[in-house]
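Encoded as structure tokens, the structure appears first; notes follow it.
Below, all heavy atoms of this structure are taken into account, side chains as well, without hydrogens, waters or symmetry copies. Quick note on labels: first sequence line is chain A, next is B, and so on, each numbered from 1.
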Amino acid sequence: MGMNIAEKILAAKSGKKHVEPGELVIADIDLVLANDITAPIAIKEFKSAGATKVWDRTKVALVPDHFTPNKDIKSAEQAKMLREFAREQKLTHYYDQSDVGIEHALLPEQGVVVPGDLVIGADSHTCTYGALGAFATGVGSTDAAFGMMTGKAWFKVPPSIKFVYKGKLNKWVSSKDLILYTIGDIGVDGALYKAMEFTGPVIDKLSMDARLTISNMAIEAGGKAGLMNPDDTTIEYVKKRAEHKWKIFTSDKDAKYENVIEYDCSKIEPVVSCPHLPENTKPASKLSKIAVDQSVIGSCTNGRIEDLRIAAKILKGKKINSRVRCLIFPGTKEIYMQAIHEGLVDIFVGAGAIFSMPTCGPCLGGHMGILAKGEVAISTTNRNFVGRMGHTESSVYLSSPAVAAASAILGRIGTPDEIKK
Amino acid sequence: MNIKGKVWKFKDDVDTDLIIPARYLNTSDPAELAKHCMEDADKTFAGKVGKGDVIVAGKNFGCGSSREHAPVAIKAVGVSCVIAKDFARIFYRNSFNIGLPIFESEEASAKIAEGDTVEIDAAKGIITNITKNETYKVKPIPPFMQELVEAGGLLKFAKTKYKIK
């Protein structure tokens, strides 16, 4: 019996020929990462367990991206803990000053994660790297500390659900719409404890930037990982970036799946997730009565250069509606510089948007764009839980960059087709 | 391990932002986190919950972020255990790793009401609802998780099993 990509990576990393869903493995990891919220606990746990040295100083990544630039004194103390630990351990993948990027935009871009890797990260959106054909999953700080000490992690081999995307994409429908639609279909626990495998002719045609958006949100359906089979697009992306050797694993033709779900993408129109769960999806066209106070374009979900290009295409020569604060957050320094070189920043600022440095800040209601009571945001981020972006009586609607940019101009939720030429 | 306490009931899909909002994640001090436990689901929770009380919730408890601060806040505010229909994957791992007892039981999740007093016999996997005079079965925990609990947590397990530098 064949294996799927999730099973193949877990088998290879635990020295086995074959693994089955439900089987417990202790596997060798290729990378463990943590951020300025989760690393402080991991570092404390690491030290209190009596460990003095990380297992491999080239395989521990610390990215202080959540509350940086330091939003207050306590955050500054947390960021300082990472800095001191990174110096003491001589970590090669510690990012500071302008090198900080949003971790899940940064690590694939810098070639720190490559196909075939097994990655654990003390951040739930670690599943993003599945788009590269890596098995990557979010864990807590103690699991991260265990990884830092031993270079290992334990996994229950998950059953996999295969998603097949067919048909022609409608105008303004992006990979973000596909994943929101999928979560709307299966629910926020539709893939609980399971690996999601995204396949089909539509996925094959997507760029790496677009694919990373899909895998990023596997956790929003409860998924343990969100994998894609590497192809020429993947190899093209990693060959100019890879820091270490990659290995291509792909699912066998006779691989087992718990379920196979097919979507005809020609039936999907731009999707918005309404408050307060990502599964509350509706077509954007049905929400034109929802006025917005803030439009957020960026994050680990949609802060890559292609996302910014789409936003710029819509905002070019237009003005942000006077009732809206439009905040644009690139994922990394490289994307930030690229946006400057391509003239995107001129378009954004000219339209009345705010162009910020990379940070997770507004996505989780940390800083740099908090909502007041009763305010409404349209956002390209990944969660719209109660209070996610600020006051518990504020609301977040999740969308693609195209819909968020259009809504910033319209002052209400809408699609680019509704903007007057 | 026997646990007995008064129940506070929550709904389905309680996410980690409800358990401990991100605005308080600029610290990892358990006592600080405890003050804001469940704040965005019930503002008065941290003030009224008693030591040893039990949280009972619906499906997918702890969904969302990987923040270990969530089970830490629940434990630090004095809650003795959480019973739910099921748990989000990362929250489940984190709870074991930090020593917050959690129990999966569809029946208990459905039948226990706020204010009931329940007793849990972890070894036997039985929840007794003393108020309603009912008993419910707990879904057994995987043997490896049992091994972790017996070792005294993941990092103690690491020390017995691997060479730590």
Centroid-centroid under 6.0 Å between H276(A) and F385(A) rings
no
Is [X] in contact with chain B via its backbone, its side chain, both, or neither, using a 4.5 Å heavy-atom distance?
{"X": "N382(A)", "value": "neither"}
{"X": "S141(A)", "value": "both"}
{"X": "L277(A)", "value": "side chain"}
{"X": "I37(A)", "value": "both"}
{"X": "I26(A)", "value": "side chain"}
{"X": "L192(A)", "value": "side chain"}
{"X": "E45(A)", "value": "both"}

Heavy-atom cut-off 4.5 Å, strictly under: side chain, backbone, both or neither for [X] against chain A?
{"X": "D86(B)", "answer": "side chain"}
{"X": "Y92(B)", "answer": "side chain"}
{"X": "N94(B)", "answer": "side chain"}
{"X": "K156(B)", "answer": "neither"}
{"X": "K43(B)", "answer": "side chain"}
{"X": "I90(B)", "answer": "side chain"}
{"X": "L18(B)", "answer": "side chain"}

I need the residue from W55(A), Y193(A), F46(A), W154(A) with the largest number of non-hydrogen atom pairs under 4.5 Å to chain B.
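Greatest number of close heavy-atom pairs with chain B: W154(A).
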Could you tell me if the side chain of C127(A) sits less than 4.5 Å from the side chain of T137(A), heavy atoms only?
no
Which atom names give the shortest non-hydrogen contact between Q89(A) and R57(A), and what distance separates them?
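Closest pair (atom of Q89(A), atom of R57(A), distance): O-CB, 3.5 Å.
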Contact summary for A158(B) and T150(A), nearest pair of heavy atoms
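Looking at all heavy atoms of both residues, the shortest contact is CB-CG2, 4.2 Å.
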Apply the side chain to side chain contact (heavy atoms under 4.5 Å, CB included) test between H125(A) and each candidate in T301(A), I219(A), I102(A); give the one that qualifies.
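Testing H125(A) for a side chain to side chain contact (heavy atoms under 4.5 Å, CB included) against T301(A), I219(A), I102(A) leaves exactly one candidate, I219(A).
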